[in-house]
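What follows is one structure encoded as structure tokens, with my remarks underneath.
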Amino acid sequence: EGPVRSGDIRKDPRYGRNTPYSGMPAGHLPVRSYLAIPVVSRSGEVLGGLFFGHPEPGIFTERAERLVLGIAAQAAVALDNARLYEGVQRELVARRQAEQALRESESRLRNVLAEREQLLESERAARAEAERLSQMKDEFLATLSHELRTPLNAILGWAHVLKTRIRGADAPEIQRGFEA
């Protein structure tokens, strides 16, 4: 919550009230004078603390407290700056990764567009070839129709002649129809 300065921590009303220790922890150096200053960020978050102890009472003065408060403030600024720097570094890495992903995506898109253009071009060529072949087929069928109709007309004519004349026709005319 704020600075703690005690000329003799053993006489301080807060001494020995924090669990798990009731007083000085076993094996701890003997402390009588005590100074604790929190290191607080600009946002109010406690980042840590500066703790000083001395075996003799009355060592830490108000001036020492002000000096350590200044050091704690500078430490807080340094830690805030380090956090900002790390945040900027993470953001730069994320931005580089996003830019790389964008470049890769653009490359894939260009490849897809090139493939699409090739497919469209091959489709156009196939359509043109199909139209050419369809026109050739139509010409062939027209020629075939004409070429078949001419002899068929003669065959149909002679078949009609034979059909109408067979009942009382003479043999030479029937023979001539068969030959045709």
Supply the atom-to-atom distance L92 CG to Q97 CD, rounded to the nearest 0.5 angstrom. 11.0 Å
Measure the spacing between CD1 of I9 and OG of S33 and express it to the nearest 0.5 Å. 9.5 Å
Interatomic distance, N81 atom CG to S41 atom OG [nearest 0.5 angstrom]: 11.5 Å
Residue list, side chain to side chain donor-acceptor pair (under 3.5 Å) with E45, at least two apart or on another chain: R83
For a side chain to side chain donor-acceptor pair (under 3.5 Å) with R103, tell me which candidate from Q100, E99, E106 qualifies. Q100
Got a donor-acceptor contact below 3.5 angstrom from the S105 side chain to the A101 backbone? no
Are V77 and V88 linked, directly or through other ILVMFWY residues, by side chains that come within less than 4.5 angstrom of each other? no
State plainly whether one hydrophobic cluster holds both L156 and L144, where clusters connect Ile, Leu, Val, Met, Phe, Trp and Tyr through side-chain heavy atoms under 4.5 angstrom apart. no
About how many Å separate OG of S134 and CZ of R127, when rounded to the nearest 0.5 Å? 12.5 Å
Looking at residues at least two apart in the chain, or sitting in another chain, which of them share a side chain to side chain donor-acceptor pair (under 3.5 Å) with E129? R132
Just verifying a value: how many Å separate N111 CG and R116 CZ, rounded to the nearest 0.5 Å? 15.0 Å
What residues, two or more places apart in sequence or in another chain, satisfy side chain to side chain donor-acceptor pair (under 3.5 Å) together with T61? none
Which heavy atom of P38 sits nearest to which heavy atom of A72, and what is that distance? O-CB, 3.7 Å
How does the hydrophobic cluster around F60 look, that is, which other residues are in it when side-chain heavy atoms under 4.5 Å mark a link? L35, I37, V39, L47, L50, F52, I59, V68, L69, I71, L79
To the nearest 0.5 angstrom, please state how far the CG atom of L84 sits from the CZ atom of R42. 8.5 Å
Between Q135 and E131, a side-chain donor and acceptor under 3.5 Å: no
In plain terms, say whether E56 and R32 are close enough for a salt bridge, that is, a side-chain N and a carboxylate O under 4.0 Å apart. no
My understanding is that only residues two or more places apart in sequence, or in another chain, count here; which of them pass side chain to side chain donor-acceptor pair (under 3.5 Å) with Q89? Y85
Same cluster or not: L113 versus L120, using hydrophobic residues (I, L, V, M, F, W, Y) connected whenever any side-chain heavy atoms lie under 4.5 Å apart? no
Please name all residues satisfying side chain to side chain contact (heavy atoms under 4.5 Å, CB included) with E91, sequence neighbours left out, ordered by chain then number. R95
